[in-house]
Each structure stands twice: as C-alpha cells, then as structure tokens.
Amino acid sequence: MNDTYVDKVLIVEGKSDKMKVKSIVKEPVEIICTNGTISHSKLEELIDFLEDKDVYILVDADDSGEKLRKQFKREFPQAEHLYIDRMYREVATAPDHHLATVLLGANIDVHAEYLEMS
C-alpha cells in the first residue's frame with residue numbers, strides 16, 4: 001500500500017495476476033496481492049484501508065479462488081466481484097483482451113490496445 005491516494009483497489013491472488021492486470025489498467029488503481037490466502041490479521045488491516053475505496057475482487061476461476069472470493073464476500077460485502085470466463089481458469093493466463101473487457105465492464109480504464117483481439 002503506497003502513500004498516493006487512489007480510490008479504486010483491485011484484489012488479486014498472485015504476483016503474476018498483479019503484473020498482468022497492472023500492464024492492462026490505465027488509471028491509478030491499488031493492486032493488492034493475497035498470494036492465494038489471506039490471514040485474519042491482514043484482513044483486519046485491509047478493512048481499515050479499504051473503508052472509503054471502491055473495492056474489486058478478481059481471482060482465479062478455481063477452488064482456491066472461490067474460497068478466497070467467499071471470504072471477501074463475508075468481510076467486504078460492498079466489494080464488486082469481477083469474473084473471468086471459467087474456461088481460462090487463471091487470471092494470469094486469461095487473454096489480455098478478455099481481462100481488459102472484464103475490467104472495463106467495472107468502469108476501470110484500460111489501455112485501448114488490450115481491447116483488440118490478437
């Protein structure tokens with residue numbers, strides 16, 4: 001978490017997810033990586049940090065991603081959940097244009113070149 005104020009926070013599972021999303025997003029968005037799990041103390045810390053922000057959850061379409069998503073639904077009911085197509089399974093391996101479309105659908109500005117099919 002950095003010192004510059006951003007009003008949108010995107011929570012992802014892994015570092016590869018974070019790097020991929022970071023390259024697609026055009027606006028300032030804080031991207032938090034859970035490394036697949038999140039401890040209770042880290043969750044408590046996040047609750048205060050996320051209180052006045054728009055929170056988006058983007059996790060893999062697999063069992064561990066769903067487990068994490070359920071945890072966030074309990075702790076952050078106001079968060080918006082973003083879903084990749086199940087056929088891609090992982091955020092990091094989903095095509096750039098698919099991720100860009102999912103992010104744009106949540107009013108997160110993306111680089112236009114990622115919206116083009118490659």
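Side chains are part of it too, since the values below use all heavy atoms of this structure and drop only hydrogens, waters and symmetry mates.
For the pair E30 and K8, the salt-bridge criterion is not met [side-chain N within less than 4.0 Å of a carboxylate O].
Take E44 and apply the side chain to side chain contact (heavy atoms under 4.5 Å, CB included) test, not counting sequence neighbours, and it matches H40, I47. Residues passing the ring pair (Phe, Tyr, Trp, His ring centres under 6.0 Å) test with H98, sequence neighbours excluded: Y88. Taking Y83 as the reference, nothing meets the ring pair (Phe, Tyr, Trp, His ring centres under 6.0 Å) condition, with sequence neighbours excluded. In this structure L68 satisfies the side chain to side chain contact (heavy atoms under 4.5 Å, CB included) test together with E13, T34, I38, V59, Q71, F72, sequence neighbours excluded. Residues passing the side chain to side chain contact (heavy atoms under 4.5 Å, CB included) test with P28, sequence neighbours excluded: V6.
No side-chain heavy atom of D109 sits under 4.5 Å from any side-chain heavy atom of V25. Counting heavy atoms from C-beta outward, I108 and Y56 have side chains that approach closer than 4.5 Å. With a 4.5 Å cut-off on side-chain heavy atoms, L103 and L82 count as touching. Side-chain atoms of F76 and L43, non-hydrogen and from C-beta on, do get closer than 4.5 Å to each other.
In this structure, D7 CG and D54 CG are separated by 5.5 Å, a value rounded to the nearest 0.5 Å. In this structure, CD in E51 is found 12.5 Å from CG in L46, a value given to the nearest 0.5 Å. Separating the NE2 atom in H111 from the CD atom in E27 is a distance of 10.0 Å, to the nearest 0.5 Å. Note that the CD1 atom of I32 and the CG atom of L10 stand 9.0 Å from one another [nearest 0.5 Å]. Taken to the nearest 0.5 Å, the CD1 atom of I57 stands 4.0 Å off from the CD1 atom of I11.
Pairs of residues two or more places apart, or lying in two chains, never qualify as ring pair (Phe, Tyr, Trp, His ring centres under 6.0 Å) while including a residue from residues 12-39. Among pairs with a residue in residues 70-93, none fulfils salt bridge (charged side-chain N to carboxylate O under 4.0 Å, His left out), at least two apart in sequence or across chains. Note on residues 15-25: pairs passing side chain to side chain donor-acceptor pair (under 3.5 Å), not counting sequence neighbours, are K20-D96. Residue pairs meeting the salt bridge (charged side-chain N to carboxylate O under 4.0 Å, His left out) criterion with at least one member in residues 57-69, sequence neighbours excluded: E66-R69.
Transitive grouping of hydrophobic side chains (ILVMFWY, heavy atoms separated by less than 4.5 Å) keeps M19 and V110 in distinct clusters.
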